[in-house]
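Each remark here refers to the structure printed beneath this line.
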Amino acid sequence: MAVTPLLIGMPEMRQSSLVVVANRLPIDDSVAPDGACEWRRSPGGLVSALHPLLRHTPATWVGWAGGTGPAPALPDIDGVRMRSVPLSGEDLRDHYEGFANATLWPIYHDAVEQPQHHRRWWDAYQRVNQRFAEATAQVAEPGAVVWVQDYHLQLVPGLLRTLRPDLRIGFFLHVPFPPPELFMQLPRRAELLRGMLGADLVGFQRAQAAHNFAQLVTKVLGLPATDRRVGVEDRVVRIGAFPVSIDTVEMAALADRPDVADRAHRLRHDLGSPDQVILSVDRMDYTKGIEQRLKAYSELLAGGHVKVRDTVLVQVAVPSRERVSQYQILRDRVEREVGRINGEFGRVGEPAIHYLTQPFDRAELAALYRVADVMAVTPLRDGMNLVAKEYVAARVDDSGALLLSEFAGAAAELPQAYLVNPHDLEGLKQGLLAALRADPADVGERMRSMRAYLHEHDIRAWARSYLSTLDQSGSMLTRLGGG
Ligand code: ADP
Ligand code: G6P
């Protein structure tokens, strides 16, 4: 099959002239005895975004293969070179589960859970960032473009600039960047900011995040900054908002496949052919507002506003970061609440909530999106939320209501969604009812304009916009064959 790289890559590009650095490699956990392994669309926005972009584009991906111990040697996958960075058990605990996901993650998400601080976590964060920087310095060819991703690796741009000043370095943060009041809590705030400023371009999901960053570099480091530029010694670091997106065409084509349409019909039948299906798809994360959503649904059932026979909720919540205590506590609470609601409102063969914790392949997800009359995406805080965009892309007949939290990055781009504040339980209930009872003509109009927007603003547009900004000197686009 002929393939066209989604990225602006051209045939003369070499694998080591574009290097993506992300904590996770997008591969299957298991490597076959013959050394083969496959792309793995592990649940999570970063891999979902970069996977369609890099597939068949000559590039190297530096990341962690999962597990602990020595780094496995991995074969190329679809032309992308995989370079794995090892993590020890201690690194996993103190870097990934500790500093990244129990200090930074909660601070960056409005501290909806209490951030924790431990000095040994910071040591591990530095150590692992140094290892990623060294692995990248080894593979990048002279003058290569290196694109560092997300909060696990905020020190890498600075470390890499010291090791390899010839590189053009981009950094993109997939999660929110918090207001100064929150960021200032971090004991190592100055080092984290300096690390990011090692990049030539620091990209965020939203303009507000770039503004927060500009304020902080002035406040903490005393550097001159606007929302577009920071002066760092003899360099200018560009900053800006680049809302990440999805492969809109691919998702629409998948949802339009006859087998996916058949699967959606069967799913509706298996759900008891209700009048309306509400769907939520999340990683099991306290930022996603799962408990608030369950409460809203349960109160609507208790108040007689919705009936189980007519309206079912399908909640997909794939477990995530399972050794971090806040995630364990959340899972226990969610499962207890699902059990309570089903016990109270369900009947034999008719649960109120269909609760699924499995990872699904893309076709099954597309079928779920097709069957959902209302998609409830109500995080308390989210950098973007690609699930919302996937739902819109999958609604090939322009039907379906998107209930979307104001606190998801996607809300800034999809104002035609039914917007809600998930902290406001009454508002959440009213929003859900409004989406369930909306006039189909209104639903169709909203969906059409969201689909038109996503058609233009897809993952390819995101990469072009980011990389062309990174290419201030003009060298990158020229080298890659134009923009
Ligand atoms: P986050 O990055 O915080 O997990 P996003 O909504 O941006 O949130 O991205 C989640 C990605 O993970 C989406 O691409 C979605 O399709 C995928 N995903 C979520 N749940 C599942 C699941 N159960 N099986 C497969 N993919 C999933
Ligand atoms: C979010 C983060 C990603 C992360 C993903 C899944 O999308 O921004 O960096 O990869 O969640 O989380 P995990 O901890 O499984 O990598």
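Indexing begins at 1, ligand by ligand and atom by atom, following the structure's order. These figures come from a predicted structure and were not determined experimentally.
- By the 3.5 Å distance cut-off applied to N or O atoms, Leu386 is counted among the residues near ligand 1.
- Where the criterion is an N or O separation shorter than 3.5 Å, residue side chain and backbone included, Trp105 fails it with respect to ligand 1.
- Between Gly44 and ligand 1, an N or O atom pair is found at a separation short of 3.5 Å.
- At a 4.0 Å heavy-atom cut-off, ligand 1 does not touch Met384 at all.
- Of the polar atoms of Val387, at least one N or O is found under 3.5 Å from an N or O of ligand 1, judged by distance alone.
- Residue Arg283 has at least one heavy-atom neighbour below 4.0 Å for each of these atoms of ligand 1: 1 (P), 3 (O), 4 (O).
- Atom-to-atom distance recorded for Leu403:CG and Ile278:CD1 is 9.0 Å, nearest 0.5 angstrom.
- Between the CD atom in Gln276 and the OG1 atom in Thr311 there is a gap of 5.5 Å [rounded to 0.5 Å].
- Close contacts between ligand 2 and His152 involve ligand atoms 9 (O) [criterion: under 4.0 Å to a heavy atom].
- With a heavy-atom cut-off of 4.0 Å, Arg362 touches ligand 1 through its side chain alone.
- How far CG of Leu53 is from CZ of Arg460: 9.0 Å, rounded to the nearest 0.5 Å.
- Of the candidates Val47, Asp382, Asp150, Asp285, it is Asp150 that places a heavy atom closest to atom 9 (O) of ligand 2.
- Checking only distances, Pro359 never comes within under 3.5 Å of ligand 1, N or O to N or O.
- Heavy-atom proximity to Gly45, at under 4.0 Å, picks out these atoms of ligand 2: 7 (O).
- The atoms of ligand 2 that sit less than 4.0 Å from any heavy atom of His174 are 8 (O).
- The atoms of ligand 1 that sit less than 4.0 Å from any heavy atom of Asn385 are 6 (O), 7 (O).
- Ligand 1 places these atoms under 4.0 Å from at least one heavy atom of Glu390: 13 (C), 14 (O), 15 (C), 16 (O).
- Contacts between Val316 and ligand 1 below 4.0 angstrom, taking non-hydrogen atoms only, involve the side chain exclusively.
- Close approach to Arg283 involves these atoms of ligand 2, each under 4.0 Å from a residue heavy atom: 6 (C), 11 (O).
- Aromatic ring orientation, Phe213 versus Phe177: perpendicular (interplanar angle above 60°, classes split at 30° and 60°).
- On a distance-only criterion, Ser48 and ligand 1 share at least one N/O pair closer than 3.5 Å.
- Between Glu191 and the options Arg189, Arg188, Arg194, a side chain to side chain donor-acceptor pair (under 3.5 Å) holds for only Arg188.
- One option in Glu97, Arg321, Gln149 has a heavy atom closer to atom 1 (C) of ligand 2 than any other, and that option is Arg321.
- Between Gly45 and ligand 1, at least one pair of N/O atoms sits closer than 3.5 Å.
- In this structure, the separation between CG on Leu254 and CG on Asp259 is 8.0 Å, given to the nearest 0.5 Å.
- Note on Arg131 versus Asp91: salt bridge recorded, some NZ/NE/NH1/NH2 to OD/OE distance being below 4.0 Å.
- With Asp382 as reference, Lys288 is the one residue of His109, Lys288, Gln205 to meet the side chain to side chain donor-acceptor pair (under 3.5 Å) rule.
- Checking each of Trp105, Tyr125, Phe204, Phe172 against Tyr151 for a ring pair (Phe, Tyr, Trp, His ring centres under 6.0 Å) leaves exactly one that passes, namely Trp105.
- Residue contact check: Tyr96 has heavy atoms under 4.0 Å from atoms 13 (P), 14 (O), 15 (O) of ligand 2.
- Residues Arg362 and Asp247 are not paired through a salt bridge, judged by the lack of any N-O separation under 4.0 Å between the basic side chain and the carboxylate.
- Here Arg448 pairs with Asp398 in a salt bridge; the nearest charged N to carboxylate O distance falls below 4.0 Å.
- The contact set between ligand 1 and Tyr369, taken as ligand atoms under 4.0 Å from a residue heavy atom, comprises 16 (O).
- In terms of polar-atom proximity, defined here as any N/O pair under 3.5 Å, Val175 makes no such contact with ligand 2.
- Proximity of Glu364 to ligand 1 is not established, as no heavy-atom distance is less than 4.0 Å.
- Rounded to the nearest 0.5 angstrom, Glu113 CD and Tyr327 OH are separated by 9.0 Å.
- One finds a salt bridge joining Arg263 and Glu364 here, because a Lys/Arg side-chain nitrogen approaches an Asp/Glu carboxylate oxygen to under 4.0 Å.
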inquiry  = Could you go through Gln130 and Glu134, starting from their C-alpha distance and side-chain angles, then the distance that decides it, and tell me whether this counts as side-chain hydrogen bond (donor to acceptor under 3.5 Å, both in side chains)?
reply    = CA-CA 6 Å; Gln130 180 72 37; Glu134 283 168 10; 2.9 Å; yes
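- At under 3.5 Å, not a single nitrogen or oxygen of Asn101, backbone or side chain, sits near a nitrogen or oxygen of ligand 2.
- With a 4.0 Å cut-off on non-hydrogen atoms, Lys288 touches ligand 1 through its side chain and not its backbone.
- If you number the atoms of ligand 1 from 1 as listed, the ones under 4.0 Å from a heavy atom of Val281 come out as 19 (C), 20 (N).
- Between Arg55 atom CZ and Ile77 atom CD1 the span is 12.0 Å, to the nearest 0.5 Å.
- Salt bridge status for Lys389 with Asp458: absent, with no side-chain N to carboxylate O gap under 4.0 Å.
- Under 4.0 angstrom from ligand 1, the non-hydrogen atoms of Leu365 all belong to its side chain.
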